[in-house]
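First the structure, in the form of structure tokens, and then the observations on it.
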Amino acid sequence: MKLNVNALGTFYEMAREGAGLAATRLNSMSEFESRVKVTRLHFTHRSEIRNELDDGNEKVGIRVSLDGELSGSSLLLFDHESARSVVGTLVDDVDEEPTNELATSAIVELCHIMNSGFVDGWADVLQAEIDVSAPEYVIGDTATAFIDEDEFEKMHEELALVFQSQIETTGTEFGFEHYLIPEHDSIARLFETQTEDEGIEYDKLAGFDQMAQHGATRVAENLTRMTNIEMDVDIRRINFISLDAIPETVPNEPLVSVAFSFSGTLGGYLLFLFEPQSANELVAATVGDSPNGGFGAFEQDAIKELSNVMTSGLLDGWANMLDATIDHSTPAYSHDMGAAVVDPLIVGLSEVQEFAFVFDTRIHAVDREFDVDIYAIPDETDLEAALDRLDERRIDESLEHDVEETEFVAEEFDPDLVEEIAAGTFEEVEDL
Amino acid sequence: MKTFNFGTDDDEEETREERLVGVSGYHVTNEGETLVAYGLGACVAIALWDTDTGVGALAHTLLPRQDSGQGASSGKYVDAAIQTMLREMVEAGAGYSSIEARLVGGADIFELKALGKGVGRKNAAVAREELDRLDVPIVAESTGGEHGRTVEFDTSTGRVEVTTAHSDEIEVL
């Protein structure tokens, strides 16, 4: 199957508009003023879908099976408190607990109406019939409460496709997620009808993602060695998203960020986002506590260099896989609101594309509360061309090479460099 | 989870609805809403307000001109957003001659050569050119620099508040 970006864009817009319809229906039935916060089209390992649903927080909603031109599952889930709030606006004088029979009926009815709008939108655009099963009430805090094992088995193991939309409301804390999880064979048929010859071969994207997964793991291992803090890869996925929507996926709070541009066979941007506390802990663990306190020039140089090492590791892996040359710029630092640091990169890419594949990675400390978010946003045309040239045998070779390699390819922190940073004499090489 | 209503039930003045205007979005209102654009980096927010009728509009623009990027969204481009908002404001009851403009954003957050110099400044410059061409006066602006901004535009009063991650002070335009 080939993934044509135009077809992906159409599917993305359908999902976003469908979620908008669902929000409108929520507004008309309840007292909430809601809107779609963000719609994502993820390509992710199916175990990550399980992990996300398995987060220990109780969710309440419906599951609907889809069949016909589009088969799979549609899940509409409120978090427990939001479900109570919704019931409170739908039914007077009722116990709002979602185990109450009246409350359950209200949630099922509302979700069913929201879901119908979503599915009708898809059917209209695809000019196809989609059969919808009766809604099944679901409640629980584990993945199997929402998706059974058979359904998981039908997903692509390495790169399952998921449409996910969040709806938020004005004035109240509100948690609502819509998941559309198509069966792989179904989505493959859909792409065949929508896609001409051009596009990204699904298996190549899956192979490339496998390599990216290894790259992320190596970065986590390398960070562990440099900081003596055990780090692990928490999230790995490819997010196909409208460039306009990317800022809404980033926390709207001050973040320490380091950006790079990369160029060559594959061009684009790489962005590291650290919560200030995480940045402080990483720097302290790597080069020691600040001589001056706060996050001054010393810490900024250190976090830039740390990000530089991670960038080299990630991009070397990509270049090796693609048998290509990828150069990257020197690091650019900012400490600002999350959305504000993403938007210059989006401005840069928006001149040539409307959507982007965002390689989204979160590396977190195993036994501490801190993490690093890494967004790699390649130029879409470059990515398509590079994957088109990718020999699938190279995927296996690259992975074998990776296994044999005992040391991380990126440079370790050079003690001289640490001294240079501390002495304020650290000089960066010429920017690209 | 982020919410975007900062009002309280016992203060009617504070309960006016806040509407988030996302990247490439715009909104025109004659209902006194407060329009909010978060985290403007190189993007430029254009706030238009009719001093007579209180009709207001806010755009969260990404690129300077319609021929400079991909995608057809009217709120994406500075020139198209200004033209579209002015037209819709007049349709909503505004008088063209009493509309004034405020600009926020257009910073250069990162020094990356691949981004080119002054991407944010260019957005702001095109906004000034387009507003001048259309005879809409700019009464205030908070643009340029190296820091992101959030803008809150109360269309019931015309008050525009600008905040940054680097200061507790609120800049009023």
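Treat the numbers as computed from the prediction; the structure is a model and nothing was measured. The sequence lines fix the lettering, A, B, ..., with proteins before strands; numbering per chain opens at 1.
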State, to 0.1 Å, how close B:G39 and A:D343 come at their nearest heavy-atom pair, and which atoms those are.
O-OD2, 3.9 Å

Under 4.5 Å heavy-atom distance to chain B, tell me which part of A:S257 shows up: side chain, backbone, both or neither.
both

Using non-hydrogen atoms and a 4.5 Å limit, figure out which bit of A:L255 sits close to chain B: side chain, backbone, both or neither.
neither

Given heavy-atom pairs under 4.5 angstrom as the criterion, report whether the side chain, backbone, both or neither of A:Y269 touches chain B.
side chain

Can you list the residues that meet the salt bridge (charged side-chain N to carboxylate O under 4.0 Å, His left out) rule with B:D79, with sequence neighbours excluded?
none

Pick from A:P254, A:G267, A:A259, A:G338 with the largest number of heavy-atom pairs that fall under 4.5 Å of chain B:
A:A259

Residues of residues 161-173 of chain B under 4.5 Å from chain A (heavy atom pairs)?
B:T163, B:T164, B:A165, B:H166

Side chain from CB out, backbone as N, CA, C, O: work out which of these in A:I246 comes under 4.5 Å of a heavy atom of chain B, or both, or neither.
neither

Highest number of heavy-atom pairs under 4.5 Å with chain B among A:V250, A:V342, A:V341, A:V258 belongs to A:V341

Approximate separation, where rounding is to 0.5 Å, of B:S24 OG and A:L243 CG
9.0 Å

Engaged part of A:P247 at the chain B interface, taking heavy atoms whose separation is under 4.5 Å
side chain

List the atom of B:F110, the atom of A:Y333, and the distance in Å for their closest heavy-atom pair.
CE2-C, 4.0 Å

Looking only at heavy atoms, which two atoms of A:D336 and B:I109 are closest? And how far apart?
OD2-CD1, 3.9 Å

Which atoms form the tightest heavy-atom contact between A:S261 and B:L112, and what is the distance?
N-CD2, 3.9 Å

What pairs of residues pass the salt bridge (charged side-chain N to carboxylate O under 4.0 Å, His left out) test when at least one of them lies in residues 93-107 of chain B, not counting sequence neighbours?
B:E100-B:R102

Only heavy atoms, only distances under 4.5 angstrom. Which residues in residues 129-150 of chain B are near chain A?
B:E146, B:H147, B:G148, B:R149, B:T150

Can you name the closest pair of heavy atoms from B:L62 and A:D244 and give their distance?
CD2-OD1, 3.7 Å

Looking at A:A340, A:P251, A:G348, which has the largest count of heavy-atom pairs under 4.5 Å with chain B?
A:A340

